[in-house]
Amino acid sequence: MHADANVNIPPAYCLPVELRLDREQIIKGPIVKTMFILGWPLMLSSILQTAYNMVDVIWLGRLPREEALTAVAAVNFSWPLVFLFISIGMGLGSAAVPIISQHIGAGNREKASHYTGQIMATIGIISLTAAFLGFFFSTDILATLGAKGDLLATSSEYTRIVFLGFVFMFLSQGSSFILSAEGDTITPLKITAISVAVNILLDPIFIFGYGPVTAMGVFGAAVATIFARVASSAVFIYLLMSGKLRLKPKIRDFLPEKEAVKTILKIGIPSAIGMSAAALGFVVIQGILVRLPDPNLAIAAYGLGERVINIMFVLVNGLTSSIAVMLGQSLGAGDKERGSKVGFIGVNLMFYMMITMSTIIYLVRMPILTFFMPHNPDVVAAASDFMTIVLIGISYFGLFRAIMSLLSGSGHTTQGMILSSSRLWLLRIPMTIFFAFTLGMGAIGVWIGMALSNMISAGIAVAFYIKGDWKVKVIRTEKTLPVVEP
């Protein structure tokens, strides 16, 4: 009997079948229904993560007018640099999707558990390196990008504190990749909820002060973020090591092994390069914005508009993750025909849903923007202009993301790297510079460049979809064994 038959799940985790999909449901169930059942916890997690990202802006936006403008601009200006470092860990962590999902599909849960430990160990080592580099060099990088005066001082203060919590941030993100790839999307939802709750509770206390806690402004927002990540990481590690999850790595699985690490790096490095190249592209975009005539206004409008648009990525993040997991497990099980159907349905569903969501967000943009920045009508007006233009290309970005998820789920991350990098470096950056400075259109030119880059990159992604490499698995498996699900 296969090792899966011996997995005992404590009663607290014996969720109803419709909430806790097993391998057979993922590789044989109705595609659209399974996609949403697997994806709804990821969508809810995305809502919570969006709330997590918005809480800082909501509270910082309620500081006195000038202080609020500087604080929001500083957080927005810092984020692409922070994400540049995060993307490296995310890229390596995303290797969990094809590796673990395909081993689960092939009926080898023991191997999936082993790779869980190997992936976490790899992420841990990388996160320590990233934290060190970010803490000591972020101020110089922000200055090089053009930040000066109060913007430099405030963004540097925020960034250095966030880097101190990088290990916990990487572990938290890695846990979501790993568990979702196995088919458990409920536990990442619970972990995210705990993290968001801690952040929501601590943000106003540390920003404005309460009782013995003195007001810390932007510094306080960063401290609250660290506490939230520590909480979520602690919960994941406890669940994993206490045997309460379906993946059960042993202590020795966390000791890096040459062949396993090579496999992780082979799949993860192209993804990390693609993500970091894209993140670096966003850093350059911030460098473009800071050189506009009114940089604080442009940066604040960009950050605020992006956060509102991110509301619709509740659907994107949930569906792209479920598409990748379903494809990975189907390919692991040797069912290429089902994998092809998952890809076709997922890509079309994503595109038309994004058209609908873009229309809705556009119609309600003004009251949402005003809620976030009630004392800054100039920022609200500028953010409205940003959304009006950028939303035109968002449905195409949804198409792009769906095809990227196929490449991720199958493990063809080199093609994903090419797509991700070209969208920013070959399209967006040259176009934004051309429209903003060569044609003298300023911030409006930046927004136009963003919209067009999404539309053109979607066309390139479709070419990769037609090529069809995403229909081939990347792991080597022996004879597929029957599985008795826990």
Side-chain angles (χ1 to χ4, degrees), residues 12-13 15 19-21 35-59 79 82-83 86-87 89-94 96-97 100-101 116 119-120 123-124 127 162 165-203 221-242 244-247 275 306-307 310-325 401 405 408:
Y13 285 80
L15 299 171
L19 297 181
R20 183 173 164 271
L21 294 179
M35 200 172 288
F36 277 97
I37 292 175
L38 187 65
W40 78 260
L42 299 171
M43 294 178 193
L44 189 50
S45 292
S46 187
I47 292 175
L48 293 175
Q49 190 61 50
T50 300
Y52 187 103
N53 294 333
M54 287 183 172
V55 165
D56 286 353
V57 174
I58 291 173
W59 289 114
W79 177 246
V82 174
F83 185 71
I86 290 176
S87 64
M90 288 180 64
L92 293 174
S94 68
V97 176
I100 292 179
S101 67
T116 295
I119 291 168
M120 294 303 293
I123 289 175
S127 67
V162 168
F166 246 44
V167 174
F168 305 105
M169 187 176 293
F170 275 41
L171 290 176
S172 179
Q173 291 169 337
S175 68
S176 181
F177 279 119
I178 290 167
L179 295 174
S180 297
E182 186 271 342
D184 178 4
T185 54
I186 295 292
T187 301
L189 171 60
K190 294 178 181 179
I191 293 173
T192 301
I194 291 171
S195 180
V196 172
V198 172
N199 194 52
I200 290 175
L201 176 65
L202 296 182
D203 243 352
V223 172
T225 295
I226 291 180
F227 275 104
R229 296 300 188 183
V230 168
S232 61
S233 299
V235 171
F236 169 65
I237 293 172
Y238 165 73
L239 293 175
L240 189 67
M241 301 313 297
S242 62
K244 296 181 183 293
L245 302 176
R246 293 189 293 194
L247 289 169
M275 288 187 181
E306 278 278 283
R307 278 170 167 75
N310 282 344
I311 293 173
M312 73 177 69
F313 286 92
V314 167
L315 289 174
V316 173
N317 295 335
L319 284 180
T320 53
S321 296
S322 60
I323 290 169
V325 171
R401 279 287 303 273
S405 73
S408 173

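No experiment lies behind these values; they were computed from the predicted model shown.
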Closest contact, heavy atoms only, [X] versus [Y]:
{"X": "M275", "Y": "G91", "result": "SD-N, 3.5 Å"}
{"X": "A231", "Y": "V198", "result": "CB-CG2, 4.0 Å"}
{"X": "T192", "Y": "S45", "result": "CG2-O, 3.7 Å"}
{"X": "I123", "Y": "G93", "result": "CD1-CA, 3.7 Å"}

Could you state the interatomic distance from [atom1] ([X]) to [atom2] ([Y]), rounded to the nearest 0.5 Å?
{"X": "R246", "Y": "T187", "atom1": "CZ", "atom2": "OG1", "value": "8.0 Å"}
{"X": "K190", "Y": "T185", "atom1": "NZ", "atom2": "OG1", "value": "11.0 Å"}
{"X": "N199", "Y": "L48", "atom1": "CG", "atom2": "CG", "value": "11.5 Å"}
{"X": "I178", "Y": "S180", "atom1": "CD1", "atom2": "OG", "value": "10.0 Å"}
{"X": "F227", "Y": "D203", "atom1": "CZ", "atom2": "CG", "value": "12.5 Å"}
{"X": "L247", "Y": "S175", "atom1": "CG", "atom2": "OG", "value": "11.5 Å"}

With sequence neighbours excluded, what pairs up with S176 under the side chain to side chain donor-acceptor pair (under 3.5 Å) test? none
Residue list, side chain to side chain contact (heavy atoms under 4.5 Å, CB included) with [X], at least two apart or on another chain:
{"X": "T320", "value": "V316, M350, R401, S405"}
{"X": "S408", "value": "V97"}
{"X": "S127", "value": "V167, F170"}
{"X": "A181", "value": "I100, S101"}

I226 side chain reached by V162 side chain, heavy atoms, under 4.5 Å: no
Any side-chain heavy-atom pair from T116 and E182 closer than 4.5 angstrom? no
Distance-only check: which donor-acceptor pairs under 3.5 Å involve side-chain atoms of residues 232-241, not counting sequence neighbours?
unit_1: S232; atom_1: OG; unit_2: S172; atom_2: OG; d: 3.2
unit_1: S232; atom_1: OG; unit_2: R229; atom_2: O; d: 3.0
unit_1: S233; atom_1: OG; unit_2: F168; atom_2: O; d: 2.7
unit_1: S233; atom_1: OG; unit_2: R229; atom_2: O; d: 3.0

